[in-house]
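To keep things clear, I will list the structure first and then write my remarks on it.
Numbering starts at 1 and runs along the sequence shown. What you see is a predicted model; the values in this text were computed from it and never measured.
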Amino acid sequence: MRILMIVRFPHDAFNAAVADGSAGAKTKAILDDMKPEAVYFTEMNGHRTAVIVVDLESPSKVPTLAEPWFLTFRADVEFHVVMSPEELQQAGLDKLGEKWR
């Protein structure tokens with residue numbers, strides 16, 4: 001199952017890592033371990049944020065994805081199930097529409 005992760009970094013913890021020069025290496029180590037499909041860095045609501053797409057084999061893998069961010073940066077992590085346009089077409093929206101009209 002494809003998951004969109006939103007990782008928001010608190011200012012104090014990430015600023016400290018930037019100041020001591022470890023932010024890049026720590027981020028790279030986590031991402032190398034995760035092997036995401038895609039990663040983007042941006043700002044959301046005034047916070048440094050990573051938007052990450054991963055393939056989640058099992059819900060039991062959620063801690064494997066989240067804990068490195070929690071422990072390394074005290075980050076907030078959200079998980080959202082996402083699908084491609086092809087997967088949306090397979091969802092049977094037309095049948096659901098007929099059933100729930």
Side-chain angles (χ1 to χ4, degrees):
M1 175 180 348
R2 189 169 290 113
I3 301 292
L4 179 71
M5 292 178 59
I6 307 293
V7 180
R8 286 189 183 89
F9 301 99
H11 296 298
D12 291 342
F14 204 86
N15 286 350
V18 169
D20 72 18
S22 67
K26 289 176 177 180
T27 300
K28 183 181 183 321
I30 294 170
L31 292 173
D32 286 350
D33 191 62
M34 290 178 67
K35 298 175 181 50
E37 292 181 17
V39 181
Y40 301 96
F41 294 93
T42 188
E43 169 280 331
M44 288 184 160
N45 299 319
H47 291 271
R48 294 176 182 104
T49 303
V51 179
I52 305 169
V53 179
V54 294
D55 187 17
L56 185 64
E57 300 168 14
S58 163
S60 66
K61 297 294 184 183
V62 166
T64 303
L65 298 172
E67 289 299 330
W69 301 110
F70 293 151
L71 296 171
T72 304
F73 296 112
R74 295 179 31 236
D76 294 324
V77 180
E78 298 175 16
F79 292 90
H80 304 276
V81 176
V82 295
M83 65 182 101
S84 68
E86 296 78 22
E87 291 165 330
L88 180 60
Q89 287 179 340
Q90 296 170 10
L93 291 178
D94 52 340
K95 290 183 178 121
L96 290 170
E98 288 175 18
K99 180 178 179 178
W100 294 103
R101 253 189 262 197

_Listing request: all ring-ring contact (aromatic ring centres under 6.0 Å, His included) pairs with a residue in residues 71-101, at least two apart in sequence or in separate chains._
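Of all non-adjacent pairs touching residues 71-101, those that pass ring-ring contact (aromatic ring centres under 6.0 Å, His included) are F9-F73, F14-F73.
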Only counting residues at least two apart or in another chain, list the ones meeting side chain to side chain donor-acceptor pair (under 3.5 Å) with [X].
X   : value
S22 : D20, K26
D12 : none
K95 : none
S84 : E86, E87

*Linking Ile, Leu, Val, Met, Phe, Trp and Tyr by side-chain heavy atoms under 4.5 Å, what else ends up with L71?*
none
What side-chain donor-acceptor pairs closer than 3.5 Å can you find for residues 42-52, not counting sequence neighbours?
unit_1	atom_1	unit_2	atom_2	d
E43	OE2	N45	N	3.1
E43	OE2	G46	N	2.5
R48	NH1	N15	OD1	2.8
R48	NH2	N15	OD1	3.0
T49	OG1	H47	O	2.9

Does any non-hydrogen side-chain atom of [Y] lie less than 4.5 Å from one of [X]?
X   : Y   : value
V62 : L56 : yes
L93 : L96 : yes
R2  : E37 : yes

*Mind checking side-chain contact (heavy atoms from CB on, under 4.5 Å) for A25 and listing every partner two or more places apart, or none if nothing turns up?*
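Partners of A25 by the side-chain contact (heavy atoms from CB on, under 4.5 Å) criterion come out as none, since no residue qualifies.
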_Those residues that, when tested against A29, pass side-chain contact (heavy atoms from CB on, under 4.5 Å) (two or more places apart)_ =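 Per chain and number, A29 pairs via side-chain contact (heavy atoms from CB on, under 4.5 Å) with no residue.
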*Under the salt bridge (Lys or Arg N to Asp or Glu O under 4.0 Å) rule, collect the residues that match up with R8, sequence neighbours excluded.*
E78
_Under the salt bridge (Lys or Arg N to Asp or Glu O under 4.0 Å) definition, can you give me all pairs with a residue in residues 54-66, not counting sequence neighbours?_
none
